[in-house]
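Shown next, in structure tokens, is the structure this report addresses.
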Amino acid sequence: MTHHPAATILIGALNRGYGKNMNEMTTQKSLKKPGSKTRLPAGGKAAVKLKEHIVEIISDSGEGAQKCGQSLGAIAAQMGNGIWTTEIIPAEIRPPARSVAGASGNRIRIGSGYITNGGDETDLVVAFNEQVLLGRVRAKELKPGCIILLEDMWRTHADPKIVASYIETHDKLVAAGYKVYEIPMERECRTMVADARRGKNMYALGMLCYIYSLELKLAVDQIILAFGKKDQSVVDSNIMLLEAGQKWAAANLDFCYSIPAVRSTEPQLVVNGNTALALGVLASGMEICAMYPITPATSASHYLSEVFEKVGGMVHQAEDEIAACAFAIGASYASKCTVTITSGPGYSLKQEAIGLAVMGEIPLVVVNVQRGGPSTGQPTKMEQGDLMAAIFGSHGDAPKVVMAPGTIEECFYAIITARKIAETFNMVVVVLTDAGLATSQQPFPRPVFNESWMAPPVDQSPVPEGAKPYDWDENTGLARRFIPGQPGGMHTLTGLAHDRDSHVAYDAEINEQTLRFRSLKLAALQKTLKAPPVFGAPKGDLLVVGWGSTKGAIEEAVETMRAEGHKVSSMHLQFLQPLAPGIKEIMQGFKKVMTIESNWSDRPEDKIIDESNRRYSSMAILLRSRFLIDIDCWSEVKGQPIKPGTIRRVILQKLKK
């Protein structure tokens, strides 16, 4: 079979892993059967078996803590563990060194089973200085009694203020019950390399491989993957540091763990949400991505820029967000559906151009990787604050399809679905992800390529005689799309109100008629959707409704509650406009319904708040207005994923009322 060029690149990518990034790899099939023996680390100590552990590696920006964490997650995934990694990113690009707010790194949840979210508090931290550690302590991210591996170079620093700060912080942590191990990482690394900052992360990775009984060979493979394009001496020095870290930990640490794993019998991918989006663009057959760099969306276009031109595709970096959207609309009008990728501030700028695509009924996929807002907000932090803007943001009525993948795997398939809907219904499809999904990574079954994913060839057949550019169907609002170059299809595209011939029309009846047809397309799509599945029993005391990246945490909390005997279920919505059929009937099977979201809702306990002025969270507003059911809400907007333990406490409080 001869594949489309993009399909060939995609298949190759899925079969061998991705690019140069450590966090983009595949877990291959294993012929070994999972054993029941406890893994023995290099030091020969018996490892304590754990069901799961949460690890953080934190440092100043530029010290490689993120790469260390990504590598640890990839190694654990190859061992057969479930993982979920979450990037710890400071708000500033390069914050001052040794600053409380400047922690940069990675959080890795490693489990013996499937992991769907970042979990609760951290069990073990590797910190390159005490200040970035303080930030995590003050944010209450560490579990009581957490193990801390702390770089000790600051105890003997030349600056007495730094020494005093280090000793004070160390002593307070010990007094608070944390298990602090002072580690001479800088001193040990300097015996092998001149600049410890450019190798300390691999030394830490070696220590973690010992602590969690991970195969060092897999870590070596990760180093080769990351530094393979550089001089061999760079590869060799990083491997030397890795091995030294493992040996030091085996000789000096009095603990080590083993998290039982079962290697998958099927190939797995380990990628972050942005890479999954980019792979979805390839798989969908779209050939142009127009964008302007913006955190946290940019890495999706970075990956595309590495591979797209090899298959005739193009990443166009425009001069600004408006130009990127206009370019995408023009390209989509001329041929195949096009995608533009942005975040909240960029989406705000694109809205007038999106209105043009709606008026002209030009297929377009818009990806909004949400971040904290409004204005510049929190560029590196996650939030679900753009739902209302995605659905209603426009002057005039501008119906758009809005989708929200809930997992990294769904990020891949959502783009394929979005392209199909955009071209079938000649509509704008907005895909909402967020910084949580964008930068987290998780294994999922490697997609098996399907030719039906790809966009069909551009139609250049003659337009039937008498056909009109906007020959709307009276029942569905659908019309055949005219593509430039089709014989007999010449017409003038306009963003003004127009009739079936695409002639500008200010007639009141025609204007209202065109509004009706554009709205009918949403109803036509809604008739094709299935009711969302219920996680748990179809009836009970409480139904928790979520959307987007909260899926894993909500379902973990619900599963825990159900195991304790509580009659709680959850429903996660992927289509937010239009809402799927059957939602009202599902909600009516429960005594109480509430949404859990990462956007603002007023707190009922505030003295000034009552039912006449309370602002509900976005999804709660939608569901209350659509179905006229009393739906409560709870939200948290702290710039980080909501923890399953937090959701469990919220559910318990709701059940007690």
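Not measured: the values here are computed from a predicted model. Along the sequence shown, residues carry numbers from 1. Atom set for the values below is all heavy atoms of this structure, side chains included, hydrogens, waters and symmetry mates excluded.
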Tell me, with the steps shown, if Gln574 and Trp547 meet side-chain hydrogen bond (donor to acceptor under 3.5 Å, both in side chains). CA-CA 6 Å; Gln574 187 169 11; Trp547 62 277; over 6 Å; no
Test log, rule side chain to side chain contact (heavy atoms under 4.5 Å, CB included), inputs Val365 and Cys337: CA-CA 7 Å; Val365 175; Cys337 180; 3.9 Å; yes
Intermediate values then yes/no, side-chain hydrogen bond (donor to acceptor under 3.5 Å, both in side chains), Gln384 and Ser618: CA-CA 9 Å; Gln384 294 180 310; Ser618 300; over 6 Å; no
Going through the distances and angles, do Ile642 and Ile596 end up as a side chain to side chain contact (heavy atoms under 4.5 Å, CB included)? CA-CA 9 Å; Ile642 303 175; Ile596 289 182; 4.2 Å; yes
Let me see the working for Phe535 and Val558 under side chain to side chain contact (heavy atoms under 4.5 Å, CB included), right down to the final yes or no. CA-CA 8 Å; Phe535 183 82; Val558 166; 3.9 Å; yes
Step by step, would you call Glu597 with Thr595 a side-chain hydrogen bond (donor to acceptor under 3.5 Å, both in side chains)? CA-CA 6 Å; Glu597 307 175 61; Thr595 67; 3.0 Å; yes
Any chance you could lay out the side-chain hydrogen bond (donor to acceptor under 3.5 Å, both in side chains) test for Ser519 and Arg516, step after step, and finish with the verdict? CA-CA 5 Å; Ser519 184; Arg516 169 176 167 261; over 6 Å; no
For the pair Leu432 and Val402, evaluate side chain to side chain contact (heavy atoms under 4.5 Å, CB included) and give the outcome as yes or no after the intermediate values. CA-CA 7 Å; Leu432 293 176; Val402 181; 3.8 Å; yes
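Using a distance-only test at 3.5 Å, with no hydrogens or angles considered, a donor-acceptor pair links the side chain of Lys592 to the main chain of Lys657. Under a 3.5 Å cut-off, the side chain of Thr417 and the backbone N or O of Tyr413 do form a donor-acceptor pair. Without hydrogens or angle criteria, Asp123 side chain to Ile54 main chain gives a donor-acceptor distance under 3.5 Å. A donor-acceptor contact shorter than 3.5 Å is absent between the side chain of Thr275 and the backbone of Val271. A donor-acceptor distance shorter than 3.5 angstrom exists from the side chain of Ser112 to the backbone of Lys51, with no hydrogens or angles considered. Ser549 contributes no side-chain N or O that, together with a main-chain N or O of Gly436, makes up a donor-acceptor pair within less than 3.5 Å. Of the possible polar contacts, one joining the Lys400 side chain to the Ala398 backbone as a donor-acceptor pair under 3.5 Å is found. A donor-acceptor distance shorter than 3.5 angstrom exists from the side chain of Arg371 to the backbone of Thr376, with no hydrogens or angles considered. Checked by atom type and distance alone, the side chain of Ser635 pairs as donor or acceptor with a backbone atom of Ser601 at under 3.5 Å. Under the 3.5 Å distance criterion, the side-chain polar atoms of Lys420 are left unmatched by any main-chain donor or acceptor of Ile415.
A salt bridge links Glu410 to Lys551: one of the charged nitrogens lies within less than 4.0 Å of a carboxylate oxygen. Ion pairing between a basic and an acidic side chain is recognised when a charged N comes within 4.0 Å of a carboxylate O; Glu141 and Lys643 show such pairing. Glu423 has a carboxylate O that lies under 4.0 Å from a charged side-chain N of Arg419, or vice versa, which qualifies the two as a salt bridge.
With 3.5 Å as the limit, one finds no donor-acceptor pair spanning the side chains of Trp600 and Glu383. Donor-acceptor pairing under 3.5 Å is lacking for the side chains of Gln268 and Gln78.
Between Asn426 and Ile362 there is no side-chain heavy-atom pair separated by less than 4.5 Å. Using a 4.5 Å heavy-atom cutoff, the side chains of Ile83 and Val270 are in contact. With a 4.5 Å cut-off on side-chain heavy atoms, Cys411 and Leu437 count as touching. Residues Glu556 and Ile115 are not in side-chain contact: their nearest non-hydrogen atoms beyond the backbone lie 4.5 Å or more apart. Taking 4.5 Å as the limit, every side-chain heavy atom of Met594 sits out of range of all side-chain heavy atoms of Val545. Contact annotation: the side chain of Leu387 approaches that of Met619 to within less than 4.5 Å [non-hydrogen atoms, C-beta and beyond]. Within the 4.5 Å cutoff, no side-chain heavy atoms of Thr476 are placed close to those of Leu520. A 4.5 Å side-chain heavy-atom check between Leu529 and Pro578 finds at least one atom pair inside the cut-off.
Exactly one of Glu52, His53, Gln442 qualifies for a side-chain hydrogen bond (donor to acceptor under 3.5 Å, both in side chains) with Arg109. That residue is Glu52. Applying the side-chain hydrogen bond (donor to acceptor under 3.5 Å, both in side chains) test between Lys350 and each of Thr342, Thr340, Asn368 identifies Thr340 as the sole match. When each of Arg624, Lys591, Lys654 is checked for a salt bridge (Lys or Arg N to Asp or Glu O under 4.0 Å) with Asp632, only Lys654 meets the rule.
Under the side-chain hydrogen bond (donor to acceptor under 3.5 Å, both in side chains) criterion, Lys567 pairs with no residue, sequence neighbours left out. In this structure Ser299 satisfies the side-chain hydrogen bond (donor to acceptor under 3.5 Å, both in side chains) test together with Asn274, sequence neighbours excluded. Residues meeting the side-chain hydrogen bond (donor to acceptor under 3.5 Å, both in side chains) test with Glu56, sequence neighbours left out: Arg107, Thr122, Arg136.
Atom CD of Gln588 is surrounded by more than 12 heavy atoms from other residues, nucleotides or ligands within 6.0 Å. Annotation for Glu512: atom CD does not count as buried by contact number, only 12 or fewer foreign heavy atoms lying within 6.0 Å. Enclosure of atom CZ in Arg626 is not indicated, since only 12 or fewer non-hydrogen atoms of other residues, nucleotides or ligands lie within 6.0 angstrom.
One finds the CD atom of Gln70 at 8.0 Å from the CG atom of Asn272 (value rounded to the nearest 0.5 Å). A distance of 6.5 Å separates CG of Leu173 from CG of Leu134, quoted to the nearest 0.5 Å. How far CD of Glu636 is from OG of Ser598: 7.0 Å, rounded to the nearest 0.5 Å.
Across all non-hydrogen atoms, the minimal contact from Ala418 to Val431 is CB-CG2, 3.8 Å.
Ring geometry, Tyr257 versus Tyr212: the interplanar angle falls from 30° to 60°, so the pair is classed tilted.
Tyr616 and Trp634 have their aromatic ring centers separated by at least 6.0 angstrom.
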